[in-house]
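The structure under discussion appears below in the form of structure tokens.
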Protein chains: 2
Amino acid sequence: MSIPKPGMPVRGSQSGAPLMAAFDLLGRRWAMGIVWQLSYGSATFRSLQNACGSISPSILNSRLKDLREAQLIERTTEGYRLTEMGEALHRLLLPFGEWSIKWAQLITPEETSRWSQLGPK
Amino acid sequence: MSIPKPGMPVRGSQSGAPLMAAFDLLGRRWAMGIVWQLSYGSATFRSLQNACGSISPSILNSRLKDLREAQLIERTTEGYRLTEMGEALHRLLLPFGEWSIKWAQLITPEETSRWSQLGPK
DNA sequence: CCGCATCGCTACATTAGTCGTAGCGATGCG
DNA sequence: CGCATCGCTACGACTAATGTAGCGATGCGG
């Protein structure tokens with residue numbers, strides 16, 4: 001799967017809106033998780049693998065490739081880090097964290113206090 | 001694929017953060033697009049199908065089921081609409097539209113002026 | 001009441017994406 | 001040299017998405 005072209009989006013998005021192309025890219029498994037992890041600072045392939053838990057190296061590699069082609073992350077000598085565009089995306093994702101906590105409470109009202117240690121950067 | 005349980009997330013997210021569970025749910029194909037479409041107002045199955053373009057009814061149905069179980073959307077007599085939580089999510093997604101336009105310009109610098117008609121609600 | 005159209009949705013076969021594991025070359029270190 | 005770790009690739013097994021066909025229900029004109 002290659003990078004979605006905003007003008008003529010892949011994966012059937014069709015509407016022509018770059019938003020759909022973005023949804024297409026970030027809707028891929030682990031994509032947002034990787035961006036999130038990298039927002040804590042630059043990381044190596046291995047540390048991303050561990051941080052994401054059970055991601056397989058092959059899929060991690062292809063997601064990193066996707067994100068690199070989308071210019072949201074870039075390689076450094078010590079691993080990967082967010083580009084400016086990636087940082088901008090992360091800032092949008094930030095309030096998402098709080099939303100997800102409320103959402104989690106809605107879905108599983110029991111044990112709501114365990115994730116308080118979640119915080120970006 | 002069922003609704004991710006924030007406490008014990010599915011699909012290998014593992015970190016325990018509800019954020020990852022949210023990424024898991026919204027990272028599914030078309031999920032965010034459906035939320036976006038519904039933000040324009042309540043819609044029927046058929047109109048969603050047309051709005052999303054090439055989505056197949058089977059996958060649309062399962063995404064609607066996912067989102068309904070996640071309590072982000074709900075059925076009405078005339079179709080589907082966002083719940084309060086879904087509306088809250090949409091408000092987070094809003095600035096995403098602008099970001100995606102900048103991003104699109106970064107990726108495909110040619111023909112940048114065509115998507116100006118994109119606007120939520 | 002009947003034929004026809006549309007709607008919401010399901011079934012199913014094909015195709016694409018992901019997972020898990022094994023392992024390769026490169027680098028570092030004792 | 002021997003061994004460990006790292007970044008990454010290959011490959012087979014599995015799972016999810018796609019595309020098409022079609023079912024029951026509802027509505028509507030004749």
Side-chain angles (χ1 to χ4, degrees), chain A residues 1-5 8-15 20-35 37-38 41-70 73-81, chain B residues 1-5 8-15 20-21 23-38 41-70 73-81:
Chain A
M1 195 165 24
S2 62
I3 186 177
K5 295 292 190 309
M8 198 70 79
V10 296
R11 235 164 84 179
S13 306
Q14 192 222 40
S15 92
M20 282 304 182
F23 283 167
D24 190 2
L25 174 68
L26 295 171
R28 295 172 191 176
R29 221 171 242 175
W30 300 108
M32 285 197 287
I34 290 171
V35 169
Q37 285 299 332
L38 283 176
S42 81
T44 65
F45 190 95
R46 225 70 165 191
S47 67
L48 279 173
Q49 211 177 338
N50 293 335
C52 288
S54 60
I55 190 171
S56 65
S58 45
I59 182 68
L60 173 56
N61 189 44
S62 71
R63 256 336 71 87
L64 287 172
K65 186 160 152 282
D66 293 345
L67 293 172
R68 236 182 307 145
E69 286 174 1
I73 67 176
E74 58 191 356
R75 291 226 50 172
T76 65
T77 47
E78 340 84 52
Y80 298 88
R81 71 172 170 206
Chain B
M1 198 163 24
S2 63
I3 187 177
K5 295 292 190 311
M8 198 71 79
V10 296
R11 234 163 87 178
S13 307
Q14 191 223 44
S15 92
M20 283 302 181
F23 284 167
D24 190 2
L25 174 68
L26 295 171
R28 293 172 193 176
R29 218 171 247 176
W30 299 107
M32 286 196 286
I34 290 170
V35 170
W36 190 263
Q37 285 300 332
L38 283 176
S42 81
T44 65
F45 190 94
R46 225 70 166 190
S47 66
L48 279 174
Q49 212 178 338
N50 294 334
C52 288
S54 61
I55 190 171
S56 64
S58 44
I59 182 67
L60 174 57
N61 189 44
S62 71
R63 258 332 74 85
L64 287 172
K65 186 160 152 280
D66 293 346
L67 293 172
R68 236 182 307 147
E69 285 174 1
I73 67 175
E74 58 191 359
R75 292 225 49 171
T76 65
T77 46
E78 342 83 51
Y80 298 90
R81 71 173 168 205

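In this text the structure is predicted, and so the values were computed from the model without any measurement. A note on names: the letters A, B, ... follow the listed sequences, proteins ahead of strands, and every chain is numbered from 1.
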Quiz item: How about A/Leu64 and A/Leu48: do any of their side-chain heavy atoms sit closer than 4.5 Å?
Solution: yes
Quiz item: For the pair made of CG in B/Leu60 and C1' in D/dG19, what is the distance, rounded to whole Å?
Solution: 14 Å
Exercise. To the nearest Å, give me how far apart CZ (B/Arg28) and P (C/dT18) are.
Key: 13 Å
Practice problem: Rounded to the nearest 0.5 Å, what's the gap from CG on A/Asp66 to CZ on A/Arg28? Could you check? | Solution: 4.5 Å
Practice problem: Tell me whether the OP1 or OP2 atom of C/dC19 has a side-chain N or O from A/Trp30 closer than 4.0 Å. | Solution: yes
Quiz item: How far does CG of B/Leu26 sit from CG of B/Leu67, to the nearest 0.5 angstrom?
Solution: 7.5 Å
Quiz item: Quick one: CZ on B/Arg63 to CE on B/Met32, what's the gap to the nearest 0.5 Å?
Solution: 12.0 Å
Quiz item: Can you tell me if the side-chain N/O atoms of B/Arg63 get under 4.0 Å from OP1 or OP2 in D/dA17?
Solution: yes
Filtered N/O pairs between nucleotides 7-10 of chain D and protein, under 3.5 Å:
unit_1	atom_1	unit_2	atom_2	d
D/dG7	OP2	A/Arg46	N	2.7
D/dG7	N7	A/Arg46	NH1	2.6
D/dC8	OP1	A/Arg75	NH1	2.3
D/dC8	OP1	A/Tyr80	OH	3.2
D/dC8	OP2	A/Tyr80	OH	2.7
D/dT9	OP2	A/Asn61	OD1	3.3
D/dT9	OP2	A/Asn61	ND2	2.0

Exercise. Using side chain to side chain donor-acceptor pair (under 3.5 Å) as the criterion, list what pairs up with A/Glu74, not counting sequence neighbours.
Key: A/Arg81
Practice problem: Ignoring backbone atoms, establish whether B/Arg29 has a side-chain N or O less than 4.0 Å from OP1 or OP2 of C/dA16. | Solution: no
Self-check item: Non-neighbouring partners of A/Ser47 that pass side chain to side chain donor-acceptor pair (under 3.5 Å), sequence neighbours left out
Solution: A/Thr44
Quiz item: Looking at CH2 of B/Trp30 and CG of B/Leu60, how far apart are the two atoms once the value is rounded to the nearest 0.5 Å?
Solution: 9.5 Å
Exercise. Take the protein atom CD1 of A/Ile59 and the nucleotide atom P of C/dG17, then report the distance between them rounded to whole Å.
Key: 10 Å
Quiz item: What's the spacing between A/Met20 CE and B/Gln37 CD if we round to 0.5 Å?
Solution: 4.5 Å
Quiz item: For DNA chain C, what dot-bracket results from Watson-Crick or G-U pairs at under 3.5 Å, with [ ] for crossers and | for inter-strand partners?
Solution: ||||||||||||||||||||||||||||||
Practice problem: Round to the nearest Å and state the distance from A/Ile55 atom CD1 to C/dG17 atom P. | Solution: 16 Å
